[in-house]
Every structure is written in structure tokens, then in C-alpha cells.
Amino acid sequence: TPLSAMVHFLVDRCEINEEDAAQYAAALCTDGYDTLASLCDVEESDWDGYKIKKGHLKRIKRRGASMAPPPEVEGSDGDGEGSDGEG
């Protein structure tokens, strides 16, 4: 389930104890942040409402950011424009 996946991520990857991880995961999943990728979508102002310990939050953000997909590069849509080698 999404909740158990989130708890496992928090415990295994972020090294947060199970009790706190279960609390954080439940709150995040309740608000729709139920996938690891969705953690990247949590607004900075939203984190305050979850009452996550500061050290835990830093770990979550660091691990979540490392799992984020790379940003799309403008002009790299595969049409070949802009990369013809002329200069």
C-alpha cells in the first residue's frame, strides 16, 4: 500500500524510527502525498503543518530530492532543432 511504502522509505532510506515514520507517512498520505515522487511536490510552507522534527525533515528532503527526476531541459524535445552543429 502507499502508506506502507512511505513508512519503509522513511525508515530504510531516511533512517527515521518506525513510530515517527508511521506518523509522518499517515499525515502525508492523508494529504495525497502517497508516492515517493510526490514528496518533491510538497510546498515549503506545507512542511510546517506536518510537525516533522527538523533533523528528520532534512533527511526526508535530501532523500526525496535525490529520487526526483531530472528537470526537463528546454529545447530537448527530440525534434533536432538547435543541435545542427552550425555555428
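Treat the numbers as computed from the prediction; the structure is a model and nothing was measured. Values below: every heavy atom of this structure, side chains too, minus hydrogens, waters and symmetry copies.
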* May I ask whether L57 and Y33 are part of the same hydrophobic cluster, defined by side-chain heavy atoms of I, L, V, M, F, W, Y residues being less than 4.5 angstrom apart, directly or through others? => yes

* Nearest non-hydrogen partners of L3 and C29, listed with the distance -> CA-SG, 3.9 Å

* **Gap between atom CG of L36 and atom CG of L28 - 0.5 Å precision** => 10.5 Å

* To do: Search all heavy atoms of S38 against all heavy atoms of D34 and return the closest pair with its distance.
  => OG-N, 3.4 Å

* Structure fact -> Separation between CD (Q23) and NZ (K51), nearest 0.5 Å, reads 10.0 Å

Cut-off 3.5 Å, no hydrogens considered: what does the side-chain donor-acceptor table look like for residues 40-49, sequence neighbours left out?
| unit_1 | atom_1 | unit_2 | atom_2 | d |
| --- | --- | --- | --- | --- |
| E44 | OE1 | K61 | NZ | 3.3 |
| E44 | OE2 | K61 | NZ | 2.4 |

* Between the side chain of R63 and the main-chain N/O of C14, is any donor-acceptor distance below 3.5 Å? -> no

* To do: Report the distance from atom NZ of K53 to atom CD1 of I60, rounding to the nearest 0.5 Å.
  => 11.0 Å

* To do: With the side chain counted from C-beta on, respond yes when E19 and Y24 share a heavy-atom pair under 4.5 Å apart, and no when they do not.
  => no

* Asked: With a 4.5 Å heavy-atom cut-off, do L39 and F9 have their side chains touching?
  -> yes

* Asked: How far does CG of L10 sit from CD of E15, to the nearest 0.5 angstrom?
  -> 12.0 Å

* Structure fact -> With sequence neighbours left out, the residues meeting side-chain hydrogen bond (donor to acceptor under 3.5 Å, both in side chains) with N17 are D20

